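Remember, it's a predicted structure, so these values are computed and weren't measured experimentally. Keep in mind that the numbers below use all heavy atoms, side chains included, and drop hydrogens, waters and symmetry copies.
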Amino acid sequence: MVARAYTVAFQGIDARIVEVQCALSAGMPAFSIVGLPDKAVSEARERVRAALGTMAIALPSKRITINLSPADLPKEGSHFDLPIALALLGAIDILPNDVIQSTVALGELSLDGSLIPVIGALPAAMAAAENGRSLLCPAASGAEAAWVGNAQVIAAPSLGAVVRHYTGQTPLPPATPGEVSQSPSQHDLRDVKGQERAKRALEIAAAGRHHLMFVGTPGSGKSMLAARLPSILPPLTPQEALSTSMIHSLAGLLDDGGISRLRPFREPHHTASMAAIIGGGRLAKPGEVSLAHNGVLFMDEFPEFPRTVLETLRQPVETGEVMIARANAHVKYPCKFMLVAAANPCKCGYLSDPSRACSKAPACGEDYMNRVSGPLRDRFDLRIDVPPVGYTDLDLPPSAEGSAEVAQRVQAARRRQHDRFADHPTAALNADAEGDLLEQIAAPDTEARQLLSRAAERFHLSARGYHRVLRVARTIADLDGAGDVRKPHLAEALSFRLPSVALA
């Protein structure tokens, strides 16, 4: 007889059901695992043997074969320990086979039989719910997995507790979801003195999820402005929170099973590798672009990033997803994020400061900004020159308008967009609109169209730049509460676009 248990193998944020088959046969005692396991899965037999030993359960003097089906799917990770143990316990008639087959299990076994938390409990619970099964996982992973309400989640502290639960001796209660993390941002736009134009650009970018680039001298407040962006962004919707948390679950970033409603804010250092930014490595883990899904990716000292890393951003920025290609698998992760870049105008940083003029101007600035290719610069919807702040500006009283007031306008604009795209399968914000849809929602009036035609001819706007101006103008109109895109909206959108065209 072949005993069966079920677990999952991860491919991106998708969890594929894997059948764990256990067969006992006559012959020389042996314990083998087949089905394309990696080193961690192959070592599971020693952890399972030791864990069963602590429960005074001896392995039968037979040939034990564990098959992980489908056999051509790579199996990676230590979470196969628990389903292998369950299949073995079912084969030796300690656990009922019908109960085991109605459960998806994952968890790592320690040598004393306790269960160690593993990554991916949330995607595993989604897969279990889709297949009409319950989920069995370590106790520390239960609060995370319980967010999927369509699947019963049993969180056990040890293998012994699992046996007592399924034999009816000590049933375990279903796990409950962890607490929602919703700590308010400690940064406020009121802290920023001056820089009204940069604040306005920040508001427009937040309202429509537009990509934004700050260029200014050191100390002008670029990083300070970017750090206050989360304070004006609306909280994640339940669907966004779930999709974002599934990526964070695979990266092991969920604390105590809590799912945050705050939008991610990732700020990698400029020495980060391509695998760290885009994703990859031995297990094709998600990178910073995917960890920033539905949030913000802030890249300070933008031209200092390696050129190869910057160029790989072009496709994720445009498509909202990234494909990690490996010899044995192609893994896709979603990455709809807002890219915020900050850069100095030149190597020394003072090209635009008249009081500290760069001695190598203008060649210094051209060489430095050319580290960012023209096609990548063309993908920024807004480009802002951030002037230096004088010491007299620091003595000014705080601004009357802070993050709370700006956040209200941003939320109102996003509500208009959600109503507009309610029936659209892929678009949710103005940044997602393209083709005929963009022409429908952002068609300018006669005066605005004439202005756009003159600007496109005078400044040689690319087709991408033309469409990005329309998207930004539509967002400005939403902030204004206007139904149509008029000349003032388009003029303001062009004012944020033309510097990048001049640089290109």
### Query
Does CG in Asp419 sit with more than 12 non-hydrogen atoms of other residues, nucleotides or ligands closer than 6.0 Å?
yes
### Query
Side chain of Thr217, backbone of Ser220: donor and acceptor closer than 3.5 Å?
no
### Summary
Asn430 and Gln417 have their tightest heavy-atom pair at N-OE1, 2.8 Å
### Query
Given side chains that start at C-beta, do those of His248 and Pro264 come closer than 4.5 Å, heavy atoms only?
yes
### Task
Take Ile259 and Glu144 through the side chain to side chain contact (heavy atoms under 4.5 Å, CB included) test and state the conclusion after the steps.
CA-CA 7 Å; Ile259 290 182; Glu144 170 189 335; over 6 Å; no
### Query
What's the spacing between Leu122 CG and Ser243 OG if we round to 0.5 Å?
10.0 Å
### Query
Counting distance only, does the side-chain N/O of Ser260 pair as donor-acceptor with the main-chain N or O of Leu262 below 3.5 Å?
yes
### Summary
Shortest non-hydrogen pair, Leu250 vs Lys285, comes out as O-NZ, 3.6 Å
### Query
Going from CD on Glu301 to OG1 on Thr271, what distance comes out if it is rounded to the nearest 0.5 angstrom?
12.0 Å
### Query
Is the shortest heavy-atom distance from the side chain of Pro268 to the side chain of Leu297 under 4.5 Å?
yes
### Task
Please assess Leu479 against Ile204 for the test side chain to side chain contact (heavy atoms under 4.5 Å, CB included), listing each intermediate value before the final yes or no.
CA-CA 8 Å; Leu479 286 168; Ile204 296 170; 3.9 Å; yes
### Message
Filter on ring-ring contact (aromatic ring centres under 6.0 Å, His included), then keep only pairs touching residues 269-303, sequence neighbours left out; what's left?
### Response
Phe302-Phe380
### Task
For Arg261 and Leu236, work out which heavy atoms get closest and say how close.
NE-O, 2.5 Å
### Summary
salt bridge (charged side-chain N to carboxylate O under 4.0 Å, His left out) pairs touching residues 460-475, sequence neighbours excluded, are Glu318-Arg464, Glu318-Arg468, Asp378-Arg464, Asp381-Arg468, Arg474-Asp478
#### Entry: Heavy-atom neighbours of Lys193 NZ exceed 12 at 6.0 Å
yes
### Query
Is the CD atom of Glu401 crowded by more than 12 outside heavy atoms at less than 6.0 Å?
yes
Using a 3.5 Å cut-off and no angle test, enumerate the donor-acceptor pairs between side-chain atoms of residues 206-215 and protein atoms at least two apart in sequence or in another chain.
from: Arg209; atom 1: NH2; to: Asp432; atom 2: OD1; distance (Å): 2.4
from: His210; atom 1: NE2; to: Thr475; atom 2: OG1; distance (Å): 2.6
from: His211; atom 1: ND1; to: Leu339; atom 2: N; distance (Å): 3.0

### Task
First locate atom OG of Ser231, then atom CG of Leu189, and finally report the distance between them rounded to the nearest 0.5 Å.
5.0 Å
Side chains of residues 444-458: which donor-acceptor partners sit under 3.5 Å, not counting sequence neighbours?
from: Asp445; atom 1: OD1; to: Ala448; atom 2: N; distance (Å): 2.9
from: Ser453; atom 1: OG; to: Arg449; atom 2: O; distance (Å): 2.9

### Task
Report the distance from atom CD1 of Ile277 to atom CZ of Arg266, rounding to the nearest 0.5 Å.
9.5 Å
### Message
Can you confirm whether Val309 sits close enough to Leu313 that some side-chain heavy atom of one is under 4.5 Å from a side-chain heavy atom of the other?
### Response
no
### Salt-bridge contact Arg383-Asp385 (side-chain N to carboxylate O under 4.0 Å)
yes
#### Entry: Min side-chain heavy-atom separation Arg133-Tyr6 under 4.5 Å
yes
### Task
Please answer whether the main-chain N or O of Ala127 pairs with a side-chain N or O of Asn131 as donor and acceptor at a distance below 3.5 Å.
yes
### Check: Arg379 side chain, Pro375 main-chain N or O, donor-acceptor pair, under 3.5 Å
yes
### Message
The criterion is side-chain contact (heavy atoms from CB on, under 4.5 Å); which residues satisfy it with Pro234, sequence neighbours excluded?
### Response
Arg263, Val410, Gln411, Arg414
### Query
When rounded to the nearest 0.5 angstrom, what is the spacing between OG in Ser78 and CD1 in Ile116?
7.5 Å
### Task
Answer yes or no: is there an ion pair linking Glu405 with Arg190, defined by an N-O contact shorter than 4.0 Å?
yes
### Task
Decide yes or no for Glu108 and Leu115: does some side-chain heavy atom of the first lie under 4.5 Å from some side-chain heavy atom of the second?
no
### Task
Looking only at non-hydrogen atoms, find the nearest pair between Ile232 and Ser403 and report the distance.
CG2-O, 3.8 Å
### Matching residue for Cys335 among Ile278, Leu291, Val317, Val289 - test: side chain to side chain contact (heavy atoms under 4.5 Å, CB included)
Val289
### Task
Before giving the answer on salt bridge (Lys or Arg N to Asp or Glu O under 4.0 Å), spell out for Glu304 and Arg371 the whole-Å C-alpha distance, their side-chain angles and the decisive distance to 0.1 Å.
CA-CA 8 Å; Glu304 298 292 341; Arg371 295 183 181 183; 3.4 Å; yes
### Task
Give a yes or no on whether the backbone of Ser245 and the side-chain of Ser249 come within a donor-acceptor separation of less than 3.5 Å.
no
### Partners passing ring pair (Phe, Tyr, Trp, His ring centres under 6.0 Å) against Phe10 (at least two apart in sequence or in another chain)
His79
### Query
Yes or no on side chain to side chain contact (heavy atoms under 4.5 Å, CB included) for Leu135 and Ile154, after CA distance, side-chain angles and deciding distance?
CA-CA 6 Å; Leu135 180 74; Ile154 301 298; over 6 Å; no
### Message
Tell me the closest heavy-atom pair linking Leu172 and Ala155, and the distance in Å.
### Response
CD1-O, 4.1 Å
### Task
Decide yes or no on side-chain hydrogen bond (donor to acceptor under 3.5 Å, both in side chains) for Ser134 and Gln152, but give the supporting numbers first.
CA-CA 5 Å; Ser134 60; Gln152 184 188 51; 4.7 Å; no
### Query
Considering only heavy atoms from C-beta outward, does the side chain of Phe421 approach that of Leu437 to under 4.5 Å?
yes
### Query
Quick one: are Cys137 and Val153 in side-chain contact, heavy atoms under 4.5 Å?
yes
### Query
At their closest point, which heavy atom of Gly120 faces which heavy atom of Leu106, and how far apart are they?
O-CD1, 4.3 Å
### Query
Are Val322 and Lys332 close enough that some pair of their side-chain heavy atoms sits under 4.5 Å apart?
no
### Query
Stepwise, does the side chain to side chain contact (heavy atoms under 4.5 Å, CB included) test hold for Lys222 with Asn344?
CA-CA 9 Å; Lys222 305 183 295 295; Asn344 295 325; 3.5 Å; yes
## Note on the structure
Which of Arg497, Arg197, Arg200 passes salt bridge (charged side-chain N to carboxylate O under 4.0 Å, His left out) with Glu492? It is Arg200
### Summary
Value for CG (Leu494) from NZ (Lys487), rounded to nearest 0.5 Å, stands at 11.0 Å
